[in-house]
Amino acid sequence: MRPDYFDRYPTIAFERDDAGVLVMRLHSDGGPVVYSHQHHSDWSRAFRDVAMDRGNRVVIFTGSGDAFCDRFGPQRSIARPSDWDAIYTEGKQMLRDLLEIPVPVIGAVNGPATIHAELVLLSDVTLSSESAVFQDEPHVGYATVPGDGVHVFWLDWLGTNRGRYFLLTGQRLSATEAQTLGVVNEVLAPDDLLPRAHALAAQLARLPDLTLRYTRTLLTQRLKRLLDEGIGHGLALEGLGALEMLIPATPPAGDTP
């Protein structure tokens, strides 16, 4: 039986085989993601549905076409703290619920991942196309505080000094550089990416259910702790910084506007 949530999210395509291998493919109208507020909202809810479905035994997480996520579409208008609250709430939920998926996740980075690259890099096994590049484009590049979880995970993946450099400079890492730094596990030709992901998923799916589920629990425990320590504070500071840019400056008392 096809789960109801498979048809619930316009920015995600789902497929599942008889072994319980779920492919979760991000997209915009079937093609590469053009990242918008709709994606943020869908993803923050879909991970919970995936986590609650016992029919999922292994998850393959990927994008569409020749990019994982590297183009912007419509964004939310932010003018007051209540406008930021949706981003704050969804941002915490999205990453926590991704880590709450209780079975192994295989990330297949099908191309440039410059927006929300952390989502696919939180996979237990991360495969990368040779065409992929990794960057945190949306934050310092747009004068925004990198507080939505990237400050937690990139410092962990790259080390404190390399991670700070990466976030402050907008550094772009090629697939081979990311592999050398330990960010991804394998780099493959584009045509070999999904077949390799499916081969690994089939290998894992032969394990007993509780082995899969409890191993994932162990492997994500530390990441959840790091996220819980940093995400709320980070998103609050990101929101304050964003609002500061939108509030007109008030002239000092006695000055003529």
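The analysis underlying the following values was restricted to heavy atoms, covering all of them including side chains, and did not include hydrogens, waters or symmetry mates.
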[X], [atom1]: over 12 other non-hydrogen atoms inside 6.0 angstrom:
| X | atom1 | value |
| --- | --- | --- |
| Glu130 | CD | yes |
| Arg54 | CZ | no |
| Asp7 | CG | yes |
| Arg71 | CZ | no |

Between atom [atom1] of [X] and atom [atom2] of [Y], what is the distance when rounded to the nearest 0.5 Å?
| X | Y | atom1 | atom2 | result |
| --- | --- | --- | --- | --- |
| Leu98 | Leu122 | CG | CG | 5.5 Å |
| Gln38 | Tyr9 | CD | OH | 10.5 Å |
| Met24 | Leu119 | CE | CG | 9.0 Å |
| Asp148 | Met94 | CG | CE | 7.0 Å |
| Leu181 | Trp157 | CG | CH2 | 13.0 Å |
| Asp70 | Phe134 | CG | CZ | 12.0 Å |

Should [X] and [Y] count as side-chain neighbours, where that means a heavy-atom distance under 4.5 Å?
| X | Y | result |
| --- | --- | --- |
| Phe47 | Leu95 | no |
| Phe72 | Pro138 | yes |
| Arg216 | Arg213 | no |
| Ser44 | Asp97 | no |
| Ile231 | Arg96 | no |
| Val183 | Leu158 | yes |
| Phe153 | Leu227 | yes |
| Cys69 | Leu26 | no |

Next item on the list: Write out all pairs satisfying salt bridge (charged side-chain N to carboxylate O under 4.0 Å, His left out) with one or both partners inside residues 82-93, taking only residues at least two apart or from two chains.
Entry: Arg45-Glu90, Arg76-Glu90, Arg80-Asp83
Would you say the side-chain atoms of [X] pair up with the backbone N or O of [Y], donor to acceptor, closer than 3.5 Å?
| X | Y | result |
| --- | --- | --- |
| His151 | Gly230 | yes |
| Asp42 | Thr11 | yes |
| Thr144 | Tyr142 | yes |
| Ser123 | Val120 | yes |
| Asp49 | Met52 | no |

Check: Do the two ring centres, one from Tyr5 and one from Phe14, sit under 6.0 Å apart?
Finding: yes
If you take all heavy atoms of [X] and [Y], which pair is closest and at what distance?
| X | Y | value |
| --- | --- | --- |
| Val187 | Gln179 | CG2-OE1, 3.6 Å |
| Ala242 | Trp84 | CB-CZ3, 4.4 Å |
| Tyr165 | Gln171 | CD2-OE1, 3.4 Å |
| Trp43 | Ile12 | CD1-CD1, 3.6 Å |
| Ser28 | Pro32 | CB-O, 3.5 Å |

Checklist line | Ionic contact status for Arg172 with Glu177, cut-off 4.0 Å | finding: no
Item checked: Derivation and outcome, side-chain contact (heavy atoms from CB on, under 4.5 Å), residues Asp53 and Arg16 -> CA-CA 12 Å; Asp53 186 350; Arg16 187 167 66 198; 2.8 Å; yes
Mind checking whether [X] and [Y] sit in one hydrophobic cluster, side chains of I, L, V, M, F, W, Y counted as touching below 4.5 Å?
| X | Y | answer |
| --- | --- | --- |
| Phe6 | Val105 | yes |
| Leu167 | Val145 | no |
| Val150 | Val140 | no |

Notebook entry, point to check: Residues sharing Leu200's hydrophobic cluster, by side-chain heavy-atom contacts under 4.5 Å among ILVMFWY, directly or via others?
Noted result: Val21, Val23, Val58, Ile60, Ile106, Val125, Leu127, Leu188, Leu193, Leu194, Leu204, Leu207, Leu212
Check: Can you name the side-chain contact (heavy atoms from CB on, under 4.5 Å) partners of Thr180, sequence neighbours left out?
Finding: none
Check: Do any pairs count as a side chain to side chain donor-acceptor pair (under 3.5 Å) and have a residue in residues 182-199, sequence neighbours left out, and if so which ones?
Finding: Glu186-Arg196
Quiz: residues 109-118 side-chain donor-acceptor pairs under 3.5 angstrom, not counting sequence neighbours:
| from | atom 1 | to | atom 2 | distance (Å) |
| --- | --- | --- | --- | --- |
| Asn110 | OD1 | Gly63 | N | 3.1 |
| Asn110 | ND2 | Ser64 | O | 3.3 |
| Asn110 | ND2 | Gly65 | O | 3.1 |
| Asn110 | ND2 | Ala67 | O | 2.9 |
| Thr114 | OG1 | Glu137 | OE1 | 3.2 |
| His116 | ND1 | Glu118 | OE2 | 2.5 |
| His116 | NE2 | Tyr35 | OH | 3.1 |

Note to self: If you apply the rule side-chain contact (heavy atoms from CB on, under 4.5 Å), what do you find for Thr215 with Leu219, and how did you get there?
What the structure shows: CA-CA 6 Å; Thr215 299; Leu219 295 180; 3.9 Å; yes
Note to self: Going by salt bridge (Lys or Arg N to Asp or Glu O under 4.0 Å), name the residues that satisfy it together with Asp209, two or more places apart in sequence or in a different chain.
What the structure shows: Arg57
